[in-house]
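So the structure is just underneath, and the comments pick up after that.
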Amino acid sequence: MRREKPQSLLDYAPIAFPAIMLTVFFVIPFATMIAVSFFQREQAGFYTPAFQFANYERFISLFFANVLGFSLMLAITVAICCVLLAVPFTYLLARMSRKAQIVWLVALLSVLSLSEVIIGFAWSTLLSRTAGITNLLVAAGIMAEAKALLPSFGAVLTGMVYQAFPYTVLVLYPAIVRLDPTLTEAARTLGASPLKAFFTVVVPALRNTLTATLIMVFIFALGSYLLPQLLGRPQHWTLSVLITDQAIYQSNMPFAAAMAVFLVLVTLGLVALTVIAGRKGEAA
Amino acid sequence: MNNVLRNLYFAVIGLFLALPMIVVAGVSVNAKQTLAFPPKGFSLSWYGEIFLNVEWRNALFASLTLAVLSAALAVAIALPLAWFLWRRIAPWANIFQLLGIAPFTLPPVITALGLLTFWATTGFYGQPWTAVISHAIFFVTLPLVTLSLGFTAIDRSLVEAAATMGADDKTIFRTVVLPLILPYMVSGYAFAFVLSLNEYIVAYMTVGFTMETLPIKIFNALRYGYTPTMAAVTVLFVATAAVIFSLVARFGDLPKLLGAMAADDK
């Protein structure tokens, strides 16, 4: 059956429910949040309608500039680490037997579905003094005594790379699986080593995919809010942590909303970049 | 890269992914009320604690209820939308597909805060059902993606044949489309279910003070120190996710659902 234009009003009926749900519970909440970001804050967590830029002005301070700078730096570091680890991994995974691929995909999906709470709990246990990895090193005679490896920047970074790695692989997977195998075969026939073929044929062919993946992982990492709290010190807190803190504990919804709107603008700017990178990929 | 190097690389990545779970599993069978690793003694009592302790049991029940209902609602939103986009030419309808994908693409704290302001403004803040709707909207992306993939896989000549034989839209949907789309529906449901089970920030911002789901309970418990029960819950979660995704892989084509070509395409 061909796709047809809707003939009568009744033809639109199936889309009514999804359209209403998405409009009422996504578009309107989003609009509410934008509106609240201009509102005036009242005592005890209330706010009154207003139109002021005070919440945004408050944002322009050295403290928030530092937080924003740190959030961006952390997310970029996580994205680069993940892509460096995941590209060769996904490339080799795509060449494995289908059965082996499925086992790895199930494992990756299981880790991906883990809540940040659980990842934070697991890593803080792993890096702790009492139940941590250093106990194994002591038992093996490598270290003199067990010590805590957190809170620290390294702990935050490790936890976030752990959280984002499965996501990175699954974003790369379709593009890498569909990569034309004759490309590398040709390079090999012409005498390139496997490593050389990988860097001179596979990596350039995936350039746009890699850019898009970096941006998507960056956005994913930008959303991390619990790991910096559980594994780091207050100076390792990100914008997402501050938004949650303002909304829940300081009861300052207008300010939290203003920060969230700002975060959306940063994210949307990057999504636009992804789309442009993707278009160029299609044209090439 | 030769095979030894490749296997070593996969072993290191595998260890990295498994290490936290190994330690947590070790901690979960400790005989004493401490987090010790390697474990001191062996006991499964912390697993029993999840079901015997009323707080943990309530949290487990709350999480399961939320995941079952919100995944069902997510599928109920995604199915008619994906069907309409497949059946009709209506370019403007793609806006709704974009809206269905947006909540999952943005940093979760934004969707969470949007819903929090909405529920607070409408006065429903803290009602358990608001979490069901919130999770359904947040995870609608997953069934939407699997269902859209499923619809593109349907051979339109099958549907054409049914139409020529005089079947109307409703009959075609019931007898031809639904059976073909069912595996994609089930996997979309499974993805949304597992992620809802583990989701923290949206649940916390909508019903965190009135209802404790398992992730919220774990986070709240973290503030008062660690107990082996948390480790037991964690192991239970990972096992549940692994079982559900294995079932999806057993009865469906997992690589294809994740964007690779089907086995018979190769």
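- Closest approach of B/R88 and A/K5 over heavy atoms only: NH1-O, 3.8 Å.
- Heavy-atom pairs under 4.5 Å with chain B were tallied for A/A175, A/G223, A/P174; the largest tally goes to A/P174.
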| task | Please report the C-alpha distance between A/M33 and B/L116 in whole Å, then the side-chain angles of each, then the deciding distance to 0.1 Å, and finally whether the side chain to side chain contact (heavy atoms under 4.5 Å, CB included) criterion is met. | result | CA-CA 9 Å; A/M33 186 179 77; B/L116 171 62; over 6 Å; no
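- Side-chain atoms of B/F219 and A/F121, non-hydrogen and from C-beta on, never get closer than 4.5 Å to each other.
- Proximity to chain B involves both the backbone and the side chain of A/F89, based on heavy atoms less than 4.5 angstrom apart.
- Proximity to chain A (any heavy atom under 4.5 Å) is restricted, for B/V140, to the side chain, taken from C-beta onward.
- Contact annotation for B/L19: both backbone and side-chain heavy atoms come within less than 4.5 Å of a heavy atom of chain A.
- Using a 4.5 Å cut-off on side-chain heavy atoms (C-beta onward), B/V109 and A/L263 make contact.
- By number of non-hydrogen pairs under 4.5 angstrom with chain B, the leading residue of A/V117, A/I20, A/L170 is A/V117.
- Contact annotation for B/I133: only side-chain heavy atoms (C-beta onward) come within less than 4.5 Å of a heavy atom of chain A.
- Neither the backbone nor the side chain of B/A162 comes within less than 4.5 Å of any heavy atom in chain A.
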| request: Evaluate the side chain to side chain contact (heavy atoms under 4.5 Å, CB included) criterion for residues A/L109 and B/V248: first the C-alpha distance (whole Å), next the side-chain angles of each, then the deciding distance (0.1 Å), finally the verdict. | output: CA-CA 11 Å; A/L109 280 171; B/V248 170; over 6 Å; no
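- With a threshold of 4.5 angstrom between heavy atoms, A/S224 does not approach chain B through any atom at all.
- Taking chain B as the reference chain and counting heavy-atom pairs below 4.5 Å, the highest number among A/I28, A/V36, A/L105, A/I119 is found for A/L105.
- Heavy-atom distances place both the backbone and the side chain of B/F10 under 4.5 Å from chain A.
- Ranked by heavy-atom pairs shorter than 4.5 Å toward chain A, the options B/L85, B/I95, B/V238, B/T164 are led by B/L85.
- Using a 4.5 Å heavy-atom threshold, the side chains of A/F26 and B/F138 count as separate.
- Looking only at side-chain heavy atoms (C-beta outward), A/F30 and B/L106 come within less than 4.5 Å of each other.
- Interface residue B/F84: only side-chain heavy atoms are found under 4.5 Å from chain A.
- Residue contact with chain B, scored on non-hydrogen atoms closer than 4.5 Å, involves the backbone and the side chain of A/Y162 alike.
- For A/V24, the parts sitting under 4.5 Å from any heavy atom of chain B are the backbone and the side chain alike.
- B/P255 is listed as a side-chain neighbour of A/I102, based on a closest heavy-atom distance under 4.5 Å.
- Neither the backbone nor the side chain of A/I34 comes within contact range of chain B; no heavy atom of the residue lies under 4.5 Å from a heavy atom of that chain.
- In this structure, the portion of A/I248 lying under 4.5 Å from any heavy atom of chain B is its side chain and not its backbone.
- At least one side-chain heavy atom of B/L17 sits under 4.5 Å from a side-chain heavy atom of A/L108.
- Considering only heavy atoms from C-beta on, A/P18 stays 4.5 Å or farther from B/F96 through its side chain.
- Heavy-atom pairs under 4.5 Å with chain A peak, among B/N198, B/V233, B/L254, at B/N198.
- Between A/F165 and B/F16, the ring-plane angle classifies as perpendicular under the 30° and 60° cut-offs.
- For the pair A/V106 and B/F245, the tightest heavy-atom approach, listed with the atom from each and the gap, is CG2-O, 3.9 Å.
- Residue B/I137 touches chain A through its side chain alone, counting heavy-atom pairs closer than 4.5 Å.
- B/T234 contributes atom OG1, which lies 4.5 Å from atom CD1 of A/I118 (distance to the nearest 0.5 angstrom).
- Atom CG of B/D253 and atom CZ of A/R98 lie 5.0 Å apart (nearest 0.5 Å).
- Neither the backbone nor the side chain of B/L197 comes within less than 4.5 Å of any heavy atom of chain A.
- Using bins of under 30°, 30° to 60° and over 60° for the plane-to-plane angle, the ring pair B/Y200/A/Y225 lands in the parallel bin.
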